[in-house]
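Side-chain atoms are counted along with the backbone in the values below, which use heavy atoms only and exclude waters and symmetry mates.
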Amino acid sequence: MDIGVVLQNDPPASTVVELAKKAEAAGFSHVWTFDSHVLWQEPFVIYSKILDETERVIVGPMVTNPGTRDWTVTASLFATLNEMYGNRTICGIGRGDSALRVLGAQPQTLGQLRESVQVIKGLANGEKVTLRGKELQFAWAPQSSLEVWVAAYGPKALALTGEVGDGYILQLADPDIAAWMIGAVRRAAVKAGRDPMAIKFCVAAPAYVGDNLDHQREQTRWFGGMVGNHVADIVARYGSEGAVPQVLTDYIKGREGYDYAEHGRAGNTHTTFVPDEVVDRFCILGPVEHHLKRLGELRDLGVDQFAVYLQHDAKEQTLDAYGTQIIPAMT
């Protein structure tokens, strides 16, 4: 199992680059970042610096969306970085949440997401695509290679992932929910005539190594609120019965609102509705043996990568614990 890390693009950007370098030195395989250009700094500028100062890690957004950039621009960004640094990028993409909502816009439709995946992937792999009735190709990028992994929770988005995605990103680390979601993606792949075992699976969630569970929960409770935004959309569309596992729909009943100014931050005051049980299920907390046990369960389900959300007050300690104790045991 690969172990990646997910960073926020908080200024100064030099700190993000330094954390990425430390992650590579510790044995992490991927460096992902948020992509929400109003709340944080622009990621693709920072990717260039990370790639320039590292040798091995693969970088990309967790996740970008079809709405804040023209799809051809997004593809060109990836293809350019690939030409410069040797195919070390990856594209995580979803319908969009914070990046669009802070602009007063709504997440993109599944139809837009599907088409954007096909356009971005095609162009960034040197292929011809048709967009708005025009045939397009990056003649300057014949060697570029890019995988596009789709983030999804709802049934139609999971089906889309199985039909067009190179990989699937699930942003929570509960094995029971992961099994349900992975099964849905694989069934959709089979139905579409694809090899379900060829799709890669990434679980992403906060991880915090230590013994003070109460403190760790407070540092990672924000994550349940972030997931709750997506679940609230699913409940609004499908109702609270059957579209996704009930544990997801049950805990958001106490959700009253959300301030994106606190999005993805420890101490978020709009996530008090998230109970300890959900924090413990969605995140990986506690001593090293707890992490190894959960990661082993996820690996047995077919998860190819666990990506550590590093949004808490023990960033470097977590990188060190994973590098010295967890990554060697899992890879």
Side-chain angles (χ1 to χ4, degrees), residues 4-11 13 16 30-48 50 59-78 81 89-121 124 146 148-154 157 160-161 165 167-172 202 204-206 222-234 236-237 255 257-266 268 270-271 307 309-311:
V5 65
V6 186
L7 307 174
Q8 283 175 337
N9 293 312
D10 281 318
V16 181
H30 292 66
V31 174
W32 307 83
T33 77
F34 285 26
D35 178 11
S36 193
H37 62 286
V38 173
L39 299 178
W40 301 287
Q41 293 179 318
E42 165 59 35
F44 283 91
V45 177
I46 298 174
Y47 296 158
S48 186
I50 290 172
V59 305
M62 188 176 283
V63 294
T64 193
N65 67 85
T68 52
R69 300 179 190 87
D70 185 273
W71 306 340
T72 63
V73 172
T74 300
S76 185
L77 288 165
F78 283 112
L81 291 173
T89 67
I90 189 167
C91 178
I93 192 167
R95 292 175 57 227
D97 180 36
S98 63
L100 291 171
R101 294 189 196 271
V102 297
L103 301 176
Q106 292 300 306
Q108 298 280 279
T109 67
L110 288 176
Q112 291 168 315
L113 176 59
R114 177 188 296 275
E115 188 178 5
S116 73
V117 169
Q118 295 168 323
V119 168
I120 293 168
K121 179 180 175 180
L146 178 73
V148 179
W149 294 16
V150 182
Y153 293 101
L160 181 156
T161 304
Y168 168 55
I169 297 171
L170 172 61
Q171 296 177 89
L172 56 84
C202 174
W222 65 267
F223 184 68
M226 186 187 82
V227 173
N229 294 333
H230 301 287
V231 177
D233 285 343
I234 295 168
R237 179 179 294 269
R255 180 179 182 271
Y258 193 83
D259 184 354
Y260 280 90
E262 297 183 323
H263 186 65
R265 299 191 183 279
N268 186 323
H270 296 81
T271 60
Y309 271 96
L310 207 64
Q311 287 79 39

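A distance of 9.5 Å separates CD of Gln8 from OG1 of Thr33, quoted to the nearest 0.5 Å. For the atom pair Thr68 OG1 and His37 NE2, the distance stands at 6.0 Å (nearest 0.5 Å). Considering CG of Leu110 and CZ of Arg95, their distance stands at 5.5 Å, rounded to 0.5 Å. A distance of 10.0 Å separates CG of Asp97 from CD of Gln106, quoted to the nearest 0.5 Å. Here the straight-line distance linking atom SG of Cys91 with atom CZ of Phe78 works out to 4.0 Å at 0.5 Å rounding. For the atom pair CD (Gln108) and CD1 (Ile93), the distance works out to 9.0 Å, reported to the nearest 0.5 Å.
Here the closest heavy-atom approach between residue Asp35 and residue Pro43 is recorded as OD1-CG, 3.5 Å. Looking at every heavy atom in both residues, Thr271 comes nearest to Gly225 through CG2-CA, 3.6 Å. Considering all non-hydrogen atoms of both residues, Tyr309 and Met62 come closest at OH-SD, 3.9 Å. Pairing each heavy atom of Pro206 with each of Trp222, the nearest pair is CG-CZ2, 3.9 Å. Here the closest non-hydrogen pair linking Tyr153 and Leu172 is CE2-CD2, 4.0 Å. Nearest heavy atoms, Val150 versus Gly165: CG2-CA, 4.2 Å.
Partners of Tyr47 under the ring-ring contact (aromatic ring centres under 6.0 Å, His included) rule, at least two apart in sequence or in another chain, are Phe44. When the side-chain hydrogen bond (donor to acceptor under 3.5 Å, both in side chains) test is applied to Arg114, the partners found at least two apart in sequence or on another chain are Glu163.
When atom types are taken as modelled, the side chain of Ser116 and the backbone of Leu113 share a donor-acceptor pair closer than 3.5 angstrom. Between the side chain of Gln311 and the backbone N or O of Val6, at least one donor-acceptor pair lies under 3.5 Å.
For the side chain to side chain contact (heavy atoms under 4.5 Å, CB included) with Ile120, the lone residue among Leu77, Thr74, Thr64 that qualifies is Thr74.
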